[in-house]
Trainee: 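Have a look at this one.
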Amino acid sequence: MKKNIDLETTALGLKKEIQEHNFNYYVKDDPIISDSQYDSLLKKLEGLERQHPELITPDSPTQRVGMLSSTVFSQVSHIKPMLSLSNVFHEEELVAFDKRIKTDLGVESIKYAVEPKFDGLAIALIYEEGVFSLGATRGDGFTGEDVTHNLKTIRSIPLKIDTKNLPSRIEIRGEVVMFKEDFFELNRKQEELGQKVFANPRNAAAGSLRQLDSNITATRPLRFYAYSIDFEGIENTLNSHSDSIELLNQLKIPTTDLVKNVDDVNGLLTYYHEIIDKRQDLPFDIDGVVYKVNSLNHQDELGFVSRAPRWAVAHKFPAEEAESQVVGIDVQVGRTGAITPVARLKPTFVSGVTVTNASLHNEAELSRKDVHINDFVLIRRAGDVVPEVVSVIQSKRPKNIRAFVMPTHCPECDSKLKKEEGEAILRCCAGSQCPAQKKQAIMHFASRKAMDIDGLGEKIIDQLLENEMIGDFSDLYTLDLNSLEHLERFGEKSAKNLVESIHKSKKTTLGRLIYALGIRGVGEATAKALAKEFGTISNIEAQTQDNLEGVDDIGPTVSGFIYEYFHDGSNISLIGKLLSNGVTCASEAKKEVRLVPQISKKVFVLTGTLPTLKREDAKQIIDQYGGKVTSTVSKKTDYLLAGSDAGSKLEKALSLGVEVLSEDDLIKWTMEEE
Ligand code: IVH
């Protein structure tokens, strides 16, 4: 018995020691032992664990490599959605951001925490009882992929943290990046081995993290930087973003030392320029800086709009520009029939990728920019956005330029192109009769944020259409092994994989299904909002245009598109085919709302500190009883729910004659209903 306890103590000591050296090496960049000393510590622990497997714990440094995920990554629902950031590019937008925040909070000045915007991959790490238990990608913000086994190979991520005095479940968010230097070295090795090279460090990081075999990930030099920590009751422990960073540092989770605090817009701008100057010398790519309201109470009060916090903004760097030459211009037909002129370019390297095409947007843009075939042009690429032509370099205009004339008929189906009133865009109105639109609709249907059919790329869709194996996306569900095996370049294994992923996609969510239908104007967020509001497809079909317009973010134009879509017989039969081919979706309907007349359909604004309820709880109660919470007091506000230290919102409410409620009033209303 004693021997076992001794062994356990030895193993524990080794685990701690190795983790400490990982921290010194990967986080502090200041190792205190040699590589071979480190290896021998690891070997010692491995030996001990081999002889006494009962000593192996999930947080042991020996458990970092060698894990195989099955054939797919499992899905993880984020407890709190992983949001995006709104962007600003110019000083005026930043001034407006700062002003809005001060007005919303009713304060004269505001303190910000500022930090770089990493150009990597957003990741959430869950620690339970101090042990790293789950790591997931951002995915669509609501559901990500479980990449725990790969994240464990990143040695700067501790497998165990010291959570004394902290709750048992902690969520840390941040970004996985690859250093620029490591990226070049990786590409050099890949090239040597005749393997895929990556376009830029972000793609290399993403590709490395999405390996099913963690042994491969372990060979890729990935790093992690945290920018947030979250746990139950955080507001009682931490006051500010800076406190969060401080806590992360105490827990030995890597953060960047470029985080600072500033007091006003001037401070934000100074930081922005400081970082631009340092940008080239930083080890990792960044694509801007992030400004965050430092006080967590203020963050909470400001809340969120759509999918981004109101308390933070990304100040993006201007996109990189490069010179190229237009070798041709032709048009592309988009999913909704939009005709876009595209410049074919001499291959040009910009922002880490070789660009051969750039969008010219529409006819008006084409003539405004005066782009001709053979012109020299400046092109720009910002993030994942399609590259665009910025301007013609007039001084270099060659003699042999040729003008491009927009076609009058669709290059794919020859139907006459039309321009809708007030629109700049020419459209092919043939819908699914146009082969280009048909193909794009299927590609969209299968895409990651829609039905997520892994392995169904453009080339396969082309083959399926050419061989008339499918006529629309609902036919995908009739494909079987037999039919697929006969396709060119298709073996038994790839056919089997595709059938499996098509089958897997049958079980989806209503939001994804609505998005997958490709209704004009209905992006991911709108599709989710529709799903949440109406719960089933047939319920959406039954709505008037007015009802549709009542849903978050849906205006008159988009509600018109949705209404038309669901009143077109061919769409209804397409949906019918999908459902009869086995597509089912879990409802995302709002939880049954119990309507309380005083709360239902009423608009609330919250301010100050409530005596017992947390702001989030109060919001949830209002939501649950059918009310709506907004952030600014206006004539449309029905009630101001005010706690202590209420500021300008209270004054405004009183001046507008908005009724002011206490927490007690709200609770009483809900109790009357029980
Ligand atoms: S804060 C709710 N801080 O940017 C606010 N995000 O557009 C959430 N990102 O994919 C993010 N550096 O992973 C924050 N210092 C930073 C960041 C950062 C990069 C990424 C983030 C997300 C995207 C949001």
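Computed from a predicted structure; not experimentally measured. Heads up: numbering here begins at 1 and tracks the sequence. One-based numbering, in listed order, for ligands and for the atoms of each.
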Trainee: Given Asp140, which partner from the list Arg448, Lys449, Lys528 fulfils the salt bridge (Lys or Arg N to Asp or Glu O under 4.0 Å) test?
Mentor: Lys528

Trainee: Please determine if Arg173 forms a cation-pi arrangement with Tyr227, meaning its NZ or CZ atom is less than 6.0 Å from the six-membered ring centre and no more than 45° off the ring axis.
Mentor: no

Trainee: Provide, to 0.1 Å, the distance between atom 21 (C) of ligand 1 and the closest protein heavy atom, together with that atom's residue and name.
Mentor: Tyr227 OH, 3.1 Å

Trainee: Looking only at side-chain N and O atoms, does Asp264 offer a donor or acceptor that is under 3.5 Å from a partner on Tyr112?
Mentor: no

Trainee: Using heavy atoms and a threshold below 4.0 Å, how should the contact between Leu85 and ligand 1 be classified: side chain, backbone, both, or neither?
Mentor: both

Trainee: Check whether the side chains of Ser295 and Asn297 place a donor and an acceptor atom closer than 3.5 Å, and report yes or no.
Mentor: no

Trainee: Quick check on contacts: which atoms of ligand 1 are under 4.0 angstrom from a heavy atom of Ala122?
Mentor: 10 (O), 13 (O)

Trainee: Give the residue and atom name of whichever protein heavy atom lies nearest to atom 4 (O) of ligand 1, and the separation in Å to one decimal.
Mentor: Lys117 NZ, 3.2 Å

Trainee: Is ligand 1 less than 4.0 angstrom away from at least one heavy atom of Pro116?
Mentor: yes

Trainee: With a 4.0 Å heavy-atom cut-off (strictly under), which part of Lys292 contacts ligand 1: side chain, backbone, both or neither?
Mentor: side chain

Trainee: Hey, which atoms in ligand 1 end up nearer than 4.0 Å to a heavy atom of Ser84?
Mentor: 7 (O), 24 (C)

Trainee: Looking at Lys504 and Asp452, is any side-chain nitrogen of the basic one under 4.0 Å from a carboxylate oxygen of the acidic one?
Mentor: no

Trainee: Does ligand 1 have a heavy atom under 4.0 Å from the side chain of Phe118, from its backbone, from both, or from neither?
Mentor: both

Trainee: Looking only at distances, please establish whether an N/O atom of ligand 1 is found under 3.5 Å from an N/O atom of Trp311.
Mentor: no

Trainee: Looking at Glu171 and Lys80, is any side-chain nitrogen of the basic one under 4.0 Å from a carboxylate oxygen of the acidic one?
Mentor: no

Trainee: Which bit of Pro309 gets closer than 4.0 Å to ligand 1, counting heavy atoms only: side chain, backbone, both or neither?
Mentor: side chain

Trainee: Below 30° counts as parallel, above 60° as perpendicular, anything between as tilted: where do the rings of Phe179 and Tyr225 land?
Mentor: parallel

Trainee: Considering only heavy atoms, which of Lys316, Glu175, Arg173 lies nearest to atom 13 (O) of ligand 1?
Mentor: Glu175

Trainee: Just heavy atoms, cut-off under 4.0 Å: does Glu115 contact ligand 1 by side chain, backbone, both, or neither?
Mentor: side chain

Trainee: Ring centroid separation for His444 and Tyr515, is it under 6.0 angstrom?
Mentor: yes

